[in-house]
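FYI, side chains are in, hydrogens and waters are out, and symmetry mates aren't considered; it's all heavy atoms of this structure. Start at 1 with the first residue, then count along the sequence.
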Amino acid sequence: MRLRWIGWLAGSIAAGAAAQPNPSPFASEIAAFAQADQANPPKPCALLFVGSSSIRLWQSLAADMAPYRVINRGFGGSTIADVNLHFDRAVAPYRPKAIFFYAGENDLNGGKSPVEVRADFDRFLQRKARTLGATPVYFISLKPSKARFAQMGKQAQVNAAVRVLAKRRADLHF
């Protein structure tokens, strides 16, 4: 009887662990970046584009930015918090000349307020300053879309908050 109970408990724990959400739905994309970098290491001092799928899906990025070298590290439907979570693997290793940052719409869509989105971006800037010093960050403004038309007001609030912040920081451009 005791062995049966232990077996049931172990099975319940294993089932519960399997049911836990993946702490990072983008882990496979981040791992793919590392594999790609190992196979073809990026040249130093490139321009880093990081953020959500608008960056990831920018297929003509290298041609559009020529003659500058670029690294595209957009992933999935990421949020600013996701970029922060993967900062050490998706931003820091590249020691970029500049960072072009696009995220925030998925944050709002996920229920965060403009104040929370700005706070997450502040955390990104703090990590960037500790790790990459004065490397400039170019925040690409949140954009209206048909699918998220109801968020236009909140997007405008985030854009306004970042614009104000950029006036106070030499390393941030809006």
Side-chain angles (χ1 to χ4, degrees), residues 16-34 36 47-59 61 64-65 70-96 98-174:
Q20 295 296 318
N22 183 349
S24 175
F26 305 108
S28 62
E29 287 183 73
I30 300 302
F33 293 154
L47 304 178
L48 176 67
F49 286 73
V50 67
S52 63
S53 60
S54 293
I55 297 295
R56 181 177 59 86
L57 297 172
W58 191 348
Q59 295 180 0
L61 178 62
D64 293 343
M65 293 293 134
V70 298
I71 301 170
N72 185 328
R73 289 300 174 257
F75 52 100
S78 62
T79 64
I80 296 171
D82 294 320
V83 175
N84 290 341
L85 177 65
H86 295 291
F87 184 91
D88 292 334
R89 295 182 73 196
V91 178
Y94 303 108
R95 313 282 314 159
I99 299 167
F100 290 80
F101 187 98
Y102 183 78
E105 291 174 21
N106 293 324
D107 310 62
L108 294 172
N109 197 53
K112 287 196 174 184
S113 71
V115 170
E116 292 170 311
V117 173
R118 160 68 196 278
D120 284 344
F121 186 61
D122 285 341
R123 283 187 276 285
F124 172 83
L125 291 173
Q126 290 166 4
R127 299 247 354 235
K128 189 277 308 176
R130 280 194 310 269
T131 307
L132 301 171
T135 300
V137 174
Y138 294 85
F139 184 90
I140 301 170
S141 68
L142 305 188
K143 64 184 178 351
S145 66
K146 288 181 184 180
R148 296 185 177 166
F149 189 75
Q151 292 179 6
M152 280 182 59
K154 290 179 180 180
Q155 290 175 356
Q157 289 175 42
V158 171
N159 287 338
V162 175
R163 189 179 289 118
V164 167
L165 184 60
K167 289 180 182 178
R168 295 192 314 237
R169 291 185 65 123
D171 64 343
L172 178 61
H173 307 277
F174 180 83

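Remark: Ser78 pairs with no residue by the side chain to side chain donor-acceptor pair (under 3.5 Å) rule, at least two apart or across chains. Residues satisfying the side-chain contact (heavy atoms from CB on, under 4.5 Å) criterion with Glu29, sequence neighbours excluded, are Phe26, Arg56, Phe75. Residues that satisfy the ring pair (Phe, Tyr, Trp, His ring centres under 6.0 Å) test with Tyr102, not counting sequence neighbours, are absent from this structure. Taking Ser113 as the reference, Val115, Glu116 meet the side-chain contact (heavy atoms from CB on, under 4.5 Å) condition, with sequence neighbours excluded. For Ala156, the side-chain contact (heavy atoms from CB on, under 4.5 Å) test picks out no residue, with sequence neighbours left out. Listed by chain and number, the residues in a side chain to side chain donor-acceptor pair (under 3.5 Å) with Gln157 amount to none (sequence neighbours excluded). Looking at residues two or more places apart in sequence or on another chain, you find a salt bridge (Lys or Arg N to Asp or Glu O under 4.0 Å) between Asp122 and Arg118.
Residues in residues 165-174 take part in these salt bridge (Lys or Arg N to Asp or Glu O under 4.0 Å) pairs, two or more places apart or across chains: Lys128-Asp171, Arg169-Asp171. Screening residues 98-115 for salt bridge (Lys or Arg N to Asp or Glu O under 4.0 Å), with sequence neighbours left out, gives Glu105-Lys143, Lys112-Asp120. Applying the salt bridge (Lys or Arg N to Asp or Glu O under 4.0 Å) test to residues at least two apart or on different chains, none of the pairs has a partner in residues 154-164.
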Please tabulate, for side-chain N and O atoms in residues 130-142, each donor-acceptor pair with protein atoms closer than 3.5 Å (sequence neighbours left out).
{"unit_1": "Thr131", "atom_1": "OG1", "unit_2": "Arg127", "atom_2": "O", "d": "3.0"}
{"unit_1": "Thr135", "atom_1": "OG1", "unit_2": "Leu132", "atom_2": "O", "d": "2.7"}

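Contact check for Ile80 versus Phe101: side-chain heavy atoms found under the 4.5 Å cut-off.
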